[in-house]
Structure formats: C-alpha cells, structure tokens
**Student:** 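Sharing a structure with you now.
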Amino acid sequence: MTTDILRLTLLFIVLCLVQGLVLNHINLFGCATPLLYIYMALTFRRGYPKWAILLWCFAIGICADTFTNTPGVAAASMTLTGVLQPYILEIFMQREDEVNFKPALRNMGNATYLYYILILTLIFCIAYYSLEMFNFFNWLQWLECAAGSTVITVVLVYVIEHLRH
C-alpha cells in the first residue's frame, strides 16, 4: 500500500507540473486543449477504495484549477470521473479478473483499453466544458472544445501507455 501511495503521489506531481507548465499553453485550433491529468483517474486498479479515488481525483482537479484559474471546474469534472471510473472499468473487465486488476494497455488489449479511456475522457471533457462555458447558446463551440480535447487527450494517454509498456 505504501508503494501505491508513493507511485500515485509521484504521478500526481508529474501530471500537475506537465499540465500547468506545458499543456495549458497548447490550444489547437482555438478549441482543443490536452487535459492529461485525467490519466490519473484512468490508472486506479479494481479494488482501490472508492473514497480514495474521489480524494485523489478531487486533489488533482484542485491542482489543475489552480494552474488554469478555473475555480472548481476541473475539480468537479475530475470528481465526476472518479465516481464513474470503477463502474466503467467493470464494464470492460472479465468477470474472472482478480480484485487488483490494473487497467492498462497490456492487461486489457488495444481496442478495450481505447474504448475505456475514450468513454471516461469524453465524460470528463463534456462535464469540464459544460461547467466552463455554463451556457448552451454557442453549442457548436462547446461541441468543438469537448470533442477536440477528448481526441487529443485520448491520443496522449494512448501514446503514454505505449511508451510505458
């Protein structure tokens, strides 16, 4: 358990720094921003306590809000992602998988892992941009931002997973 907390703390620090110092300054076509800190929510294993997932997701959301000056938007979106992560992971797992199953590209396979990260990232980006814009008068811009950020974030997560294993 101690190594798990150390690994998550290191991942937390790296993701906050990369997001705050590099990725927040990238805005492709005026609408697509990579939101890589969602990677933390994607990596929690099956038997991890749900309260701890919520706490970690809320903490990285607050850290991202601090860097981007969006009060509570990333924290709320990450908390929603943390709530849904265990249930979406169960959809893509085999029933006979062990309790400590860790969602990763090598454990789940290409297509299954891609669907898993796509669904969670799409939910996160829809919640994030809905809270950030807080209106649907310009729904085309909302759709472009959510779809563009989802695509670029999924590509980054997929590349990181390929590099890790």
Side-chain angles (χ1 to χ4, degrees), residues 8-9 11-45 48 50-92 103-105 108 110-164:
L8 284 171
T9 303
L11 182 65
F12 178 89
I13 292 169
V14 168
L15 287 176
C16 281
L17 289 176
V18 167
Q19 185 68 41
L21 299 175
V22 178
L23 297 178
N24 281 344
H25 302 291
I26 298 173
N27 195 1
L28 298 176
F29 309 114
C31 61
T33 302
L35 302 169
L36 190 61
Y37 53 91
I38 191 174
Y39 183 68
M40 186 169 196
L42 298 171
T43 61
F44 289 111
R45 61 180 166 75
Y48 207 77
K50 291 177 180 155
W51 64 269
I53 294 173
L54 288 178
L55 190 63
W56 280 108
C57 287
F58 178 75
I60 200 162
I62 286 291
C63 183
D65 281 333
T66 303
F67 278 116
T68 58
N69 198 20
T70 54
V73 173
S77 303
M78 280 300 293
T79 304
L80 175 67
T81 306
V83 167
L84 296 177
Q85 187 267 350
Y87 302 107
I88 292 179
L89 179 61
E90 288 291 327
I91 293 171
F92 292 104
L105 184 62
M108 298 174 80
N110 282 327
T112 306
Y113 187 72
L114 186 63
Y115 288 136
Y116 168 69
I117 62 174
L118 182 66
I119 288 173
L120 274 177
T121 307
L122 183 63
I123 290 169
F124 170 76
C125 288
I126 287 172
Y128 183 87
Y129 285 106
S130 295
L131 290 172
E132 185 182 51
M133 294 182 182
F134 209 68
N135 67 34
F136 290 104
F137 291 116
N138 198 354
W139 63 272
L140 192 58
Q141 182 186 8
W142 171 80
L143 190 61
E144 288 173 348
C145 288
S149 293
T150 299
V151 168
I152 195 167
T153 303
V154 165
V155 168
L156 278 175
V157 168
Y158 201 70
V159 166
I160 288 171
E161 273 297 311
H162 268 290
L163 292 175
R164 279 187 63 219

**Student:** If you count every heavy atom of other residues, nucleotides or ligands that lies below 6.0 Å from Phe12 atom CZ, does the total exceed 12?
**Tutor:**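 Count over threshold, so yes.
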
**Student:** Nearest 0.5 angstrom please: Ser77 OG to Ile126 CD1, how far?
**Tutor:** 11.0 Å

**Student:** State whether the side chain of Tyr116 and the backbone N or O of Leu42 hold a donor-acceptor pair below 3.5 Å, judged by distance alone.
**Tutor:** yes

**Student:** Residues two or more places apart in sequence or in another chain: which of them pass salt bridge (charged side-chain N to carboxylate O under 4.0 Å, His left out) with Glu132?
**Tutor:** none

**Student:** Look up atom CG in Leu11 and atom OG1 in Thr43, then write down how far apart they are to the nearest 0.5 Å.
**Tutor:** 5.5 Å

**Student:** Just wondering, do Met108 and Leu89 contact through their side chains at under 4.5 Å, heavy atoms?
**Tutor:** yes

**Student:** Scan residues 12-34 for pairs that pass salt bridge (charged side-chain N to carboxylate O under 4.0 Å, His left out), counting only residues two or more places apart or in two chains.
**Tutor:** none

**Student:** Does some side-chain heavy atom of Val73 sit less than 4.5 Å from a side-chain heavy atom of Tyr128?
**Tutor:**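 In contact.
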
**Student:** Would you say Glu161 and Tyr39 are linked by a side-chain donor-acceptor pair, where the criterion is simply a distance under 3.5 Å?
**Tutor:** yes

**Student:** Side-chain contact test, heavy atoms from C-beta onward, threshold under 4.5 Å: evaluate it for Gln85 versus Cys57 and give yes or no.
**Tutor:** no

**Student:** Quick check: does any side chain N or O of Thr150 sit under 3.5 Å from a backbone N or O of Cys125, one acting as donor and the other as acceptor?
**Tutor:**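 No; judged by distance alone, with no hydrogens or angles, the pair does not exist.
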
**Student:** Could you check if a side-chain atom of Cys31 sits within less than 4.5 angstrom of a side-chain atom of Gln141, using non-hydrogen atoms only?
**Tutor:**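 A side-chain contact under 4.5 Å is absent here.
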
**Student:** Applying side chain to side chain contact (heavy atoms under 4.5 Å, CB included) to Phe67 and Tyr37, what does each step give before you reach the verdict?
**Tutor:** CA-CA 12 Å; Phe67 278 116; Tyr37 53 91; over 6 Å; no

**Student:** Walk me through whether Val157 and Thr121 qualify under side chain to side chain contact (heavy atoms under 4.5 Å, CB included).
**Tutor:** CA-CA 10 Å; Val157 168; Thr121 307; 5.5 Å; no

**Student:** Could you tell me if the side chain of Cys16 sits less than 4.5 Å from the side chain of Ile60, heavy atoms only?
**Tutor:**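 They are in contact (side-chain heavy atoms under 4.5 Å apart), so the answer is yes.
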
**Student:** Can you sort out the partners of Tyr158 under ring pair (Phe, Tyr, Trp, His ring centres under 6.0 Å), two or more places apart, ordered by chain and number?
**Tutor:** His162

**Student:** What orientation do Tyr115 and Phe92 show, parallel under 30°, tilted 30 to 60°, or perpendicular over 60°?
**Tutor:**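 If you compare the ring of Tyr115 with that of Phe92, the planes turn out parallel.
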
**Student:** Whether the side chain of Gln19 engages the backbone of Ala64 through a donor-acceptor N/O pair (distance < 3.5 Å, no angle test) should be reported.
**Tutor:** no

**Student:** With heavy-atom distances below 4.5 Å as the criterion, would you say the side chains of Leu143 and Tyr129 are in contact?
**Tutor:**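 In short, these two side chains do not touch, never coming nearer than 4.5 Å.
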
